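Taking it in order: structure first as structure tokens, then the write-up.
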There are 2 protein chains.
Amino acid sequence: MSKHDDIENIKCNVIHRDVVDSVSDKMMEPEKMEELAEFFKVFGDSTRLKILYALSISEMCVCDIAAVLGTSQSAVSHQLKILRQMRLVKYRREGRVIYYSHDDEHITEIFRKGLEHINEIK
Amino acid sequence: MSKHDDIENIKCNVIHRDVVDSVSDKMMEPEKMEELAEFFKVFGDSTRLKILYALSISEMCVCDIAAVLGTSQSAVSHQLKILRQMRLVKYRREGRVIYYSHDDEHITEIFRKGLEHINEIK
DNA sequence: TGAACATATGAACATTTGTTCAAACGATTA
DNA sequence: TAATCGTTTGAACAAATGTTCATATGTTCA
């Protein structure tokens, strides 16, 4: 164990140096990956997904969204904030009612791709 | 408060009955939504995203993936299990080395849509 | 057969996440 | 102006998640 002290607990070594180098070279910047993960994380919750789906059918106010989902108005509002921050929904105020709607054309396509996948794997 | 006891603590009422009914009618089944959320959840972690991206460049063994990501072999293995369960990657064994690769064409498209979005909103 | 290696897995732990509850904020209306 | 309504927000809390560590599994090679 003498001269191997510094690597004594490495469990795993590179097997194909060429592949590792080539792939490392083509990898996206880690920050971009983080950003992308944050984006997809938004789709990873059924409450938010339901909101997005509902809004793809019609513009709606917060109370109505809550009614459709069967979720508390507060929970919906919290999730709308996240969707807003990710620029997936926009809103307009009319008196004390706030109407939300989609703010991005990619939503529908991402939705469809996801559905295609889960329909295929079962 | 007499006859309203059952709804006394409802903070929010339906505002547009017609919209709520129409959207409720067109909503997807909740189970489908859950399933879809589970699927997108997989994309919502940067380690898994990096693995998927790396595999879009080349088939790779676990050790090499770990090397490219700078993550422990164990962490990679745990995440590969999730990707496997979601049928996003497949693998083949060659001796004691296991090679992973993509198992779905939607991955690349979903990736691209996500990137398009985050590139637009900044 | 036993040592070495690539990978998988379970338990433990810290972190993140989503909901609820209570309260605050704006806008309307009586 | 006060009460009401639709919405937002912060704190608290339980549940879910990702990593690490230790160990197990399965394969090769000496």
Side-chain angles (χ1 to χ4, degrees), chain A residues 1 4 7-16 19-20 33-34 37-38 40-51 59-86 89-100, chain B residues 1 4 7-16 19-20 33-34 37-51 59-67 69-86 89-100:
Chain A
M1 204 178 288
H4 295 295
I7 56 167
E8 65 178 298
N9 56 356
I10 288 186
K11 309 285 199 308
C12 181
N13 298 295
V14 170
I15 297 180
H16 310 85
V19 173
V20 170
M33 285 293 187
E34 293 289 349
E38 288 307 308
F40 284 124
K41 202 170 286 177
V42 174
F43 288 83
D45 173 75
S46 65
T47 301
R48 287 190 293 267
L49 224 44
K50 287 172 190 166
I51 294 176
E59 172 189 72
M60 275 198 281
C61 70
V62 182
C63 274
D64 289 354
I65 297 174
V68 169
L69 305 206
T71 314
S72 77
Q73 178 271 324
S74 177
V76 169
S77 194
H78 276 295
Q79 300 306 336
L80 280 171
K81 183 177 192 172
I82 295 176
L83 294 172
R84 235 158 47 216
Q85 289 170 335
M86 202 48 90
V89 302
K90 59 178 188 276
Y91 62 96
R92 67 185 176 83
R93 174 161 228 139
E94 199 168 291
R96 47 194 169 197
V97 180
I98 298 184
Y99 295 92
Y100 280 85
Chain B
M1 203 177 291
H4 295 295
I7 56 163
E8 66 177 297
N9 53 359
I10 289 186
K11 309 286 201 300
C12 183
N13 297 295
V14 170
I15 299 178
H16 311 86
V19 173
V20 170
M33 285 294 187
E34 293 288 350
E38 289 306 311
F39 172 68
F40 285 124
K41 202 171 285 178
V42 175
F43 288 83
D45 172 76
S46 65
T47 300
R48 288 191 292 267
L49 224 44
K50 287 173 192 167
I51 293 176
E59 172 189 72
M60 275 197 281
C61 70
V62 183
C63 273
D64 289 354
I65 296 173
L69 305 205
T71 314
S72 77
Q73 176 272 323
S74 176
V76 169
S77 194
H78 276 296
Q79 300 306 337
L80 280 170
K81 181 177 193 172
I82 295 176
L83 294 172
R84 234 158 47 215
Q85 289 170 334
M86 203 47 90
V89 301
K90 59 177 188 281
Y91 63 95
R92 65 183 178 86
R93 172 161 229 142
E94 201 167 289
R96 48 195 169 197
V97 179
I98 298 183
Y99 295 91
Y100 281 86

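If you're wondering where the values come from, they're calculated on a predicted model, not measured in any experiment. Computed from heavy atoms alone, side chains included, the values below leave out hydrogens, waters and symmetry copies. Lettering of chains follows the sequences in order, A, B, ..., and the numbering in each one begins at 1.
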Is there a side-chain contact between B/Lys81 and the phosphate of C/dA8, meaning an N or O under 4.0 Å from OP1 or OP2?
no
So does A/Ser74 get a side-chain nitrogen or oxygen closer than 4.0 Å to the phosphate oxygens (OP1/OP2) of D/dT9?
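It does not, given that no N or O in the side chain of A/Ser74 lies less than 4.0 Å from OP1 or OP2 of D/dT9.
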Expressed in angstrom and rounded to an integer, what is the separation of [X] atom [atom1] from [N] atom [atom2]?
{"X": "B/Ile51", "N": "D/dG18", "atom1": "CD1", "atom2": "P", "answer": "11 Å"}
{"X": "B/Asp45", "N": "C/dT16", "atom1": "CG", "atom2": "C1'", "answer": "11 Å"}
{"X": "B/Leu69", "N": "D/dT19", "atom1": "CG", "atom2": "P", "answer": "10 Å"}
{"X": "A/Tyr99", "N": "D/dT8", "atom1": "OH", "atom2": "P", "answer": "13 Å"}
{"X": "B/Arg96", "N": "D/dC29", "atom1": "CZ", "atom2": "C1'", "answer": "7 Å"}
{"X": "A/Arg92", "N": "D/dG6", "atom1": "CZ", "atom2": "C1'", "answer": "14 Å"}
{"X": "A/Gln79", "N": "D/dG10", "atom1": "CD", "atom2": "C1'", "answer": "15 Å"}
{"X": "A/Met60", "N": "D/dT7", "atom1": "CE", "atom2": "C1'", "answer": "16 Å"}

Please answer whether the main-chain N or O of [Y] pairs with a side-chain N or O of [X] as donor and acceptor at a distance below 3.5 Å.
{"X": "B/Arg93", "Y": "B/Gly95", "result": "yes"}
{"X": "A/Arg48", "Y": "B/Ala37", "result": "no"}
{"X": "A/Asp64", "Y": "B/Val20", "result": "no"}

Comparing A/Gly95 and B/Arg84 on DNA chain C - which has the more 5′ nearest nucleotide:
B/Arg84
By nearest-nucleotide position on DNA chain D, the 5'-leaning member of B/Glu38 and A/Arg93 is A/Arg93
Measure from the side-chain heavy atoms of A/Val97 and tell me the nearest of C/dT9, C/dT20, D/dG6.
D/dG6
Which of the following nucleotides, D/dT7, C/dT7, D/dT19, is nearest to the side chain of A/Ile98?
D/dT7
Less than 5.5 Å between centroids and less than 30° between ring planes, does B/His78 satisfy that with D/dT19?
no
Find the partner of D/dC13: check Watson-Crick (N1-N3 plus N6-O4 or O6-N4) and G-U wobble (N1-O2, O6-N3) distances, both under 3.5 Å, and reply none if neither fits.
C/dG18
Please determine whether the number of non-hydrogen atoms from other residues, nucleotides or ligands lying under 6.0 Å from atom OH of A/Tyr99 exceeds 12.
yes
Touch class at under 4.0 angstrom, heavy-atom based, for [X] against every strand present:
{"X": "A/Tyr100", "result": "sugar-phosphate"}
{"X": "B/Thr47", "result": "sugar-phosphate"}
{"X": "A/Ser72", "result": "sugar-phosphate"}

Tell me if the side-chain of B/Gln73 makes a donor-acceptor pair with the base of C/dA6, cut-off 3.5 Å, by modelled atom types.
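A donor-acceptor contact between them is absent.
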Which distance, rounded to the nearest 0.5 Å, do you find between the CE of B/Met60 and the NE2 of A/His16?
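It comes to 11.0 Å.
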